[in-house]
Amino acid sequence: MSWRETFGQLARTIDTVFPGDRDLDALFAKGRPLRVKLGIDITSTSVTIGNGIPLRILARFQELGHVAVLILGDFTTLVGDPSGRDKTRPVLTPEEVVQNGETWLEQIKGLLDLDRAEVRRNGEWLAKLDSSQLLTLSSQLTVAQMLERDSFATRYRAGSPIHLHEFLYCLFQGYDSIAVNADVELGGTDQTFNVNMGRVLQKNAGMRPQVCVTNPLLEGVDGHKKMSKSVGNSICLDTPAKDMFGLATRIPDELIEKYLRLATDLADETIADLGRGDPWNAKKSMAEALTARHYGAETAARERTEFERVFAEKKLPEDIPEYVAPPGRTVLELVRGAFSMTSGEAKRLIKQGAVTVAGNKMTDASTVIEHTDGDVLRAGKRRFASLRVGPS
RNA sequence: GCCAGGAUGGCGGAGCGGUCAAACGCACCAGACUGUAAAUCUGGCGGGGUAACCCUACACUGGUUCGAGUCCAGUUCCUGGCACCA
């Protein structure tokens, strides 16, 4: 039986199994619980739905009776992942790293059965490596091998800095596989180099090399870059339902299929059907399915209705935050106060015709408003405030 | 240690000693267009002021100048290369 059948629908979230499909099948055939490793970088606190992909695969292994070994990279996070090194990396304190780890676990407990999982922190063993062990590890690689790696090659050619510890990063990650005795390692396709390092090190240590299972990366809602919290194009597990739906509808059409495949639990046939139909409908169904996965079908359906009401029918949202202001305020003051922006921003919006009060477009910032309770102040498409008369 | 280059907005990156709140690009915001979008077009994008206008910015400290991101000196940090490698 092939692993594809074992994974069923989830197989569509797997990019590559290497060295080869049959290696994973062979592991399954052994009939013993496998140790399946997933290492996570806890630089940021939010878990994106992209991060969720390997977590779901891990959860599936768990369901199949295998051991989910979740490694919080507390040590490696302090070292810093080479990718994106040119950005000024906020230096995290050990306390922050601990805190981030907790936040992570809190957010993913809906995806993974943490009670049955083996949660480890790689500082547990990495912090204890002594110099001679480090030497042994690092002597297993050549500089040429490292420079083959695309991100290093590019930077080297460009004369950009490459720090020595960046070479060590993947060694550490590889060593994790030895430390937890991994049979399988999961990770995004961007981790191919790193997870393969685990194989090399394990082999040299006389262990059977792990099988690596990579998943496709999910582009962010901007449609270009990899989904990431720092880029600001992400949908996170803790994104409120309303925003989750809204953000999902903002992806470019080209990505609908990919999102359906990677971010929803819809059946393959349903996805195929949606692909043949109206793209706008497919996108909304995707957004609804995604929201449903995290907040339940009922909430998702409600958000869809609400969305259609606000954007398609141009009606007001159901819940509008209130803003209390005394009468006789200028438009500028209202916009500033209600949406807490600088006057510059507020003036700009007004000048550009983005602001309405009770449906009337206000283009003069100095207009004095005598509002009554329930008048809606609007700035742009998605900023609303319900005005109320009262002391400021 | 030596040589060289660099430090400007959220980012990248311009900027003959004066008119720089800072070209251009990206990101972002708004408007138009649409099916929310994306693409495209238009406008905006340090802070305050209705406005005229004012204030704060070009690593830091001094200096030269009527006037300095722009010149000089020192300091800090970054990068590349070279040397050293007992």
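Letters A, B, ... mirror the listed sequences (proteins, then strands); counts begin at 1.
- Of the side-chain N and O atoms in A:K361, none sit less than 4.0 angstrom from OP1 or OP2 of B:G31.
- A side-chain donor from one of A:N194 and A:Q191 sits under 3.5 Å from a side-chain acceptor of the other.
- If you check the side chains of A:N122 and A:D176, you find a donor sitting under 3.5 Å from an acceptor.
- No side-chain donor from either of A:T356 and A:R378 sits under 3.5 Å from a side-chain acceptor of the other.
- Under the 3.5 Å distance criterion, the side-chain polar atoms of A:S340 are left unmatched by any main-chain donor or acceptor of A:R336.
- With a glycosidic angle no more than 90° from 0, B:G69 adopts the syn conformation.
- In this structure, A:L332 atom CG and B:G49 atom C1' are separated by 10 Å, rounded to whole Å.
- Side-chain atoms of A:Q140 and A:N204 include a donor-acceptor pair closer than 3.5 Å.
- Nucleotides of RNA chain B nearest to A:G380 and A:F311 differ in position, and the one nearer the 5' end is that of A:G380.
- Atom name C1', nucleotides B:G69 and B:C53: the rounded distance is 25 Å, in whole Å.
- To the nearest angstrom, C1' of B:G10 lies 15 Å from CG of A:N233.
- Between A:R336 and B:G49 there is a side-chain polar atom (N or O) within less than 4.0 angstrom of OP1 or OP2.
- Between the side chains of A:T48 and A:N51, at least one donor-acceptor pair of N or O atoms lies under 3.5 Å.
- Contact annotation for A:L255: no contact, since no heavy-atom pair falls under 4.0 Å across all strands.
- When rounded to the nearest whole Å, the span between CZ of A:R378 and P of B:C29 equals 16 Å.
- Nucleic acid contact for A:A365: none, since no nucleic acid atom lies under 4.0 Å from a heavy atom of the residue.
- At a threshold of 4.0 angstrom between heavy atoms, the contacts of A:R304 with the nucleic acid are absent.
- As judged by a 4.0 angstrom heavy-atom cut-off over every strand, A:R309 is placed among residues making no nucleic acid contact.
- We find that CD of A:E345 is positioned 7 Å from P of B:G47, with the value rounded to whole Å.
- Across all strands shown, B:G25 forms a Watson-Crick or G-U wobble pair with B:C11, both key distances being under 3.5 Å.
- Between the P atoms of B:C78 and B:U8, the separation comes to 14 Å (whole Å).
- Between B:U56 and B:G48, the distance separating the two P atoms is 15 Å to the nearest Å.
- Aromatic pair A:F193/A:Y169: ring centres not closer than 6.0 Å.
- Rounded to an integer number of Å, the gap from CZ of A:R348 to C1' of B:C29 is 6 Å.
- In this entry B:C84 has no Watson-Crick or G-U wobble partner, no candidate having both defining distances under 3.5 Å.
- You'll find a donor-acceptor pair under 3.5 Å spanning the side chain of A:T249 and the base of B:U36, going by distance alone.
- Going from the C1' atom of B:G44 to that of B:U76 covers 38 Å, rounded to whole Å.
- Spacing of P atoms, B:G1 relative to B:U75, comes out at 12 Å, to the nearest Å.
- With hydrogens and angles ignored, no donor-acceptor pair closer than 3.5 Å exists between the side chain of A:D278 and the base of B:G35.
- At whole-Å resolution of the value, CD in A:E254 and C1' in B:G35 are 14 Å apart.
- Across all strands, A:K283 comes closer than 4.0 Å to base atoms (heavy-atom distances).
- At whole-Å resolution of the value, CD in A:E333 and P in B:G48 are 13 Å apart.
- Between A:T330 and A:E333, the side chains place a donor N or O and an acceptor N or O closer than 3.5 Å (distance only, hydrogens not considered).
- The shortest distance between the side-chain N/O atoms of A:T342 and the OP1/OP2 oxygens of B:G48 is below 4.0 Å.
- Rounded to a whole Å, the CH2 atom of A:W280 is 16 Å from the C1' atom of B:A39.
- Here, B:C58 and B:A22 have their P atoms 15 Å apart, quoted to the whole Å.
- Rounded to whole Å, the P atom of B:C24 lies 13 Å from the corresponding atom of B:G46.
- Comparing B:A37, B:C29, B:G49 by their closest approach to the side chain of A:S343 singles out B:G49.
- If A:R250 and A:L349 are placed on RNA chain B by their nearest nucleotide, the residue sitting closer to the 5' end is A:L349.
- Within the 4.0 angstrom heavy-atom criterion, base atoms lie near A:K347.
- Base pairing analysis places B:G31 opposite B:C41; the two distances defining the Watson-Crick or G-U wobble pair are each below 3.5 Å.
- One donor-acceptor pair, N or O on each side, does fall under 3.5 Å between the base of B:G43 and the side chain of A:Q352.
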